[in-house]
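Here's the structure, in structure tokens; my notes come after.
Note that the numbering runs from 1 along the sequence shown for the chain.
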Amino acid sequence: MFEFSFTLDEKDYLEFSLHNQYHLPVNNMQVQLTRFVPPLLFMALAFLLASASGDSVYYYVYAVLSLAWILLYKKYVNWNIRYKIRQIKKAGKLPFSREAVVFRCLEDCLIEETATTETKTGYAHIERVLEGDAAVYLYVSALSSFIIPNRAFADDGEKKRLVDFVRSKIENAGEKSR
């Protein structure tokens, strides 16, 4: 099967959080709605104010604010995620261990081991497998995943083989539960 040894750090968790924000449908939809709906409401309000007062300066001011919102919102979301992670780190509550991790994919389950813990998870509990720029994410829930950083793989071929293996195990686990 597969075995990887690595240590997770703050950057890995940051990459996971950013990937999670933009690649899970529910999170991405929320970002897109928050990015585009307020500016549309600003523009409608500006149109009403400009129509009622006869002064189009409202329309131009709100148009500039709306454009700034649309262009800068993604940067704000990224900054906010980084800020929250710094706050979590400052409080000593980062949700990963800085211990060395040994991650195994066996025929019947995934095993993540550190010096103090061992987690076994059946493939039926893996909701999805996503490949990010920095890691492979094996989601156990919408907010929790096993993170296997790209540096743990010997090459891209090994990464692809792991992803294909886990996806096939998930499909087989789904068929068995039917």
Side-chain angles (χ1 to χ4, degrees), residues 1-35 73-177:
M1 310 319 64
F2 293 91
E3 182 173 317
F4 305 98
S5 296
F6 52 88
T7 303
L8 293 175
D9 59 24
E10 180 181 340
K11 186 176 183 233
D12 294 318
Y13 186 64
L14 173 63
E15 290 293 332
F16 167 71
S17 297
L18 291 169
H19 188 270
N20 196 41
Q21 187 67 43
Y22 296 110
H23 291 88
L24 290 184
V26 83
N27 292 346
N28 191 36
M29 185 171 71
Q30 181 227 357
V31 167
Q32 296 307 324
L33 284 173
T34 307
R35 184 177 183 187
Y73 188 73
K74 188 172 180 180
K75 289 182 188 267
Y76 166 73
V77 169
N78 291 353
W79 173 85
N80 192 37
I81 289 171
R82 285 180 173 82
Y83 175 76
K84 287 179 181 177
I85 289 173
R86 281 194 308 271
Q87 294 300 103
I88 292 169
K89 181 181 178 184
K90 193 174 180 180
K93 304 282 187 188
L94 284 172
F96 63 87
S97 172
R98 292 184 183 270
E99 301 174 27
V101 175
V102 176
F103 188 84
R104 293 185 189 93
C105 296
L106 305 177
E107 280 300 321
D108 59 336
C109 67
L110 302 167
I111 300 174
E112 183 182 60
E113 286 183 70
T114 68
T116 57
T117 63
E118 178 178 284
T119 305
K120 290 184 180 184
T121 304
Y123 291 103
H125 296 286
I126 303 298
E127 292 183 1
R128 67 178 51 101
V129 178
L130 293 178
E131 295 178 71
D133 294 335
V136 170
Y137 307 105
L138 308 177
Y139 281 86
V140 179
S141 71
L143 297 175
S144 176
S145 105
F146 292 108
I147 301 171
I148 307 167
N150 287 345
R151 65 183 174 277
F153 299 106
D155 56 31
D156 286 341
E158 184 179 37
K159 179 179 173 180
K160 181 173 177 15
R161 286 188 299 279
L162 171 76
V163 168
D164 292 344
F165 175 80
V166 173
R167 284 184 176 149
S168 72
K169 291 295 183 180
I170 292 169
E171 287 174 19
N172 290 342
E175 289 173 7
K176 289 178 183 177
S177 66

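Here Glu158 pairs with Phe4, Phe153, Ala154, Asp155, Arg161 under the side chain to side chain contact (heavy atoms under 4.5 Å, CB included) rule; sequence neighbours left out. In terms of the salt bridge (Lys or Arg N to Asp or Glu O under 4.0 Å) criterion, Lys84 has no residue partners (sequence neighbours excluded). Scanning for salt bridge (Lys or Arg N to Asp or Glu O under 4.0 Å) contacts around Arg104 gives Glu3, Glu113, with sequence neighbours left out.
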Applying side-chain contact (heavy atoms from CB on, under 4.5 Å), run through Asp164 and Lys160 and close with a yes or a no.
CA-CA 6 Å; Asp164 292 344; Lys160 181 173 177 15; 3.0 Å; yes

Take Ile126 and Phe146 through the test side-chain contact (heavy atoms from CB on, under 4.5 Å) and record every step on the way to the result.
CA-CA 9 Å; Ile126 303 298; Phe146 292 108; 4.2 Å; yes

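Heavy-atom minimum distance, Asp12 versus Thr7: OD2-O, 3.8 Å. Closest of all the heavy-atom pairs between Ala152 and Ser5 is CB-O, 4.5 Å. Of all non-hydrogen atoms in Pro149 and Ala135, the two that sit nearest each other are CA-CB, 3.7 Å. Nearest heavy atoms, Arg82 versus Leu14: CG-CD1, 3.6 Å.
Atom CG of Asp108 is separated from atom OG1 of Thr121 by 11.5 Å, given to the nearest 0.5 angstrom. For the atom pair CD of Glu131 and NE2 of His23, the computed distance is 11.0 Å after rounding to the nearest 0.5 Å. In this structure, Leu162 CG and Leu138 CG are separated by 6.5 Å, a value rounded to the nearest 0.5 Å. Taking OH from Tyr73 and CG from Asn78, the interatomic distance works out to 10.5 Å, rounded to the nearest 0.5 Å. The distance from the CD1 atom of Ile147 to the CD atom of Glu112 is 9.0 Å, given to the nearest 0.5 Å. Distance check, rounded to the nearest 0.5 Å: CG of Leu110 to CZ of Phe103 gives 4.5 Å.
Side-chain atoms of His19 never come within 3.5 Å of backbone atoms of Glu15 as a donor-acceptor pair (strictly under, hydrogens ignored). Looking only at distances, no side-chain donor or acceptor of Thr34 sits under 3.5 Å from a matching main-chain atom of Val31. In this structure, Arg35 contributes its side chain and Lys74 its backbone to no donor-acceptor pair below 3.5 Å. With hydrogens and angles disregarded, a donor-acceptor distance shorter than 3.5 Å links the side chain of Lys169 to the backbone of Glu107. Under a 3.5 Å cut-off, the side chain of Asn150 and the backbone N or O of Asp133 do form a donor-acceptor pair.
Using a 30° and 60° split on the angle between ring planes, Phe165 and Tyr123 fall in the perpendicular class, above 60°. Using cut-offs of 30° and 60° for the angle between ring planes, the Tyr13 and Phe16 rings count as tilted.
Counting heavy-atom neighbours within 6.0 Å of Tyr22 OH, excluding the residue itself, gives a total above 12.
No hydrogens or angles considered: nothing links the side chains of Asn20 and Tyr137 as a donor-acceptor pair under 3.5 Å.
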